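Single-structure report; data block below.
Given the structure is predicted, the values throughout are model-derived calculations rather than measurements.
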Amino acid sequence: MQEKANDPHPLSDLAYDWITLIQNKAQALMAYDQYIKDAEAAGSQECAAFFKKVHDTDKAQLAEAKQHLLAVLQGKMGAAK
């Protein structure tokens with residue numbers, strides 16, 4: 001990613017968007033862990049299984065998002081400002 005010396009914003013909007021998405025997905029994964037525990041404590045294996053499914057989907061999306069962010073930061077994806 002090309003940074004301009006006088007640019008007050010060291011990240012492009014695109015990089016910031018990916019970072020924000022990654023943060024939100026990471027927070028969601030922590031919440032899902034609690035939802036799974038709550039469902040198991042309530043004796044609802046069906047709910048626990050659904051929360052695990054959502055967790056796994058978001059975890060896979062998080063891994064993909066990290067690759068996109070890396071490509072953006074390396075200037076391989078997106079245009080520089």
Side-chain angles (χ1 to χ4, degrees):
M1 183 173 90
Q2 292 287 347
E3 292 182 22
K4 297 175 184 168
N6 60 354
D7 187 356
H9 304 286
L11 291 173
S12 69
D13 289 343
L14 185 57
Y16 180 84
D17 294 345
W18 281 114
I19 290 168
T20 301
L21 181 129
I22 289 168
Q23 177 186 16
N24 290 336
K25 290 285 184 188
Q27 289 174 336
L29 290 175
M30 292 188 318
Y32 299 149
D33 288 338
Q34 185 60 52
Y35 301 164
I36 292 164
K37 290 176 188 173
D38 293 346
E40 290 171 343
S44 178
Q45 291 308 310
E46 297 86 0
C47 290
F50 179 79
F51 289 134
K52 287 176 185 176
K53 179 179 168 183
V54 173
H55 179 281
D56 292 347
T57 299
D58 271 14
K59 187 176 179 181
Q61 290 174 344
L62 177 59
E64 185 176 354
K66 287 167 39 179
Q67 293 302 312
H68 283 279
L69 174 60
L70 183 60
V72 168
L73 293 175
Q74 291 175 340
K76 296 177 183 176
M77 185 183 296
K81 280 185 158 182

Rounded to the nearest 0.5 Å, what separation is found between the CE atom of M30 and the CD atom of Q27? 6.0 Å

Quick check: closest heavy atoms across V72 and S12, and the distance to 0.1 Å? CG1-OG, 4.2 Å

Nearest heavy-atom contact between H55 and L29 is O-CD2, 3.3 Å

Separation between CG of L62 and OG1 of T57, rounded to the nearest 0.5 Å: 12.5 Å

Should the ring pair Y35 and F51 be called parallel, tilted or perpendicular, given that the plane angle runs from 0 to 90° and is split at 30 and 60? tilted

Counting neighbours of CD on E64 that are heavy atoms of other residues, nucleotides or ligands and sit closer than 6.0 Å, is the number greater than 12? no

If you look at every heavy atom in A15 and L69, which pair is closest and at what distance? O-CD1, 3.8 Å

Quick one: CG on L70 to NE2 on H68, what's the gap to the nearest 0.5 Å? 11.0 Å

For A39 and A48 the tightest heavy-atom approach is CB-N, 3.5 Å

Out of curiosity, K59 NZ to K52 NZ, how far, rounded to the nearest 0.5 Å? 13.0 Å

Would you check if K66 and K25 make a side-chain contact, meaning some heavy-atom pair closer than 4.5 Å? no

Could you tell me the separation between the CG atom of N24 and the CD1 atom of I19, rounded to the nearest 0.5 Å? 12.0 Å

Atom OH of Y32 and atom NZ of K53: how far apart are they, to the nearest 0.5 Å? 13.0 Å

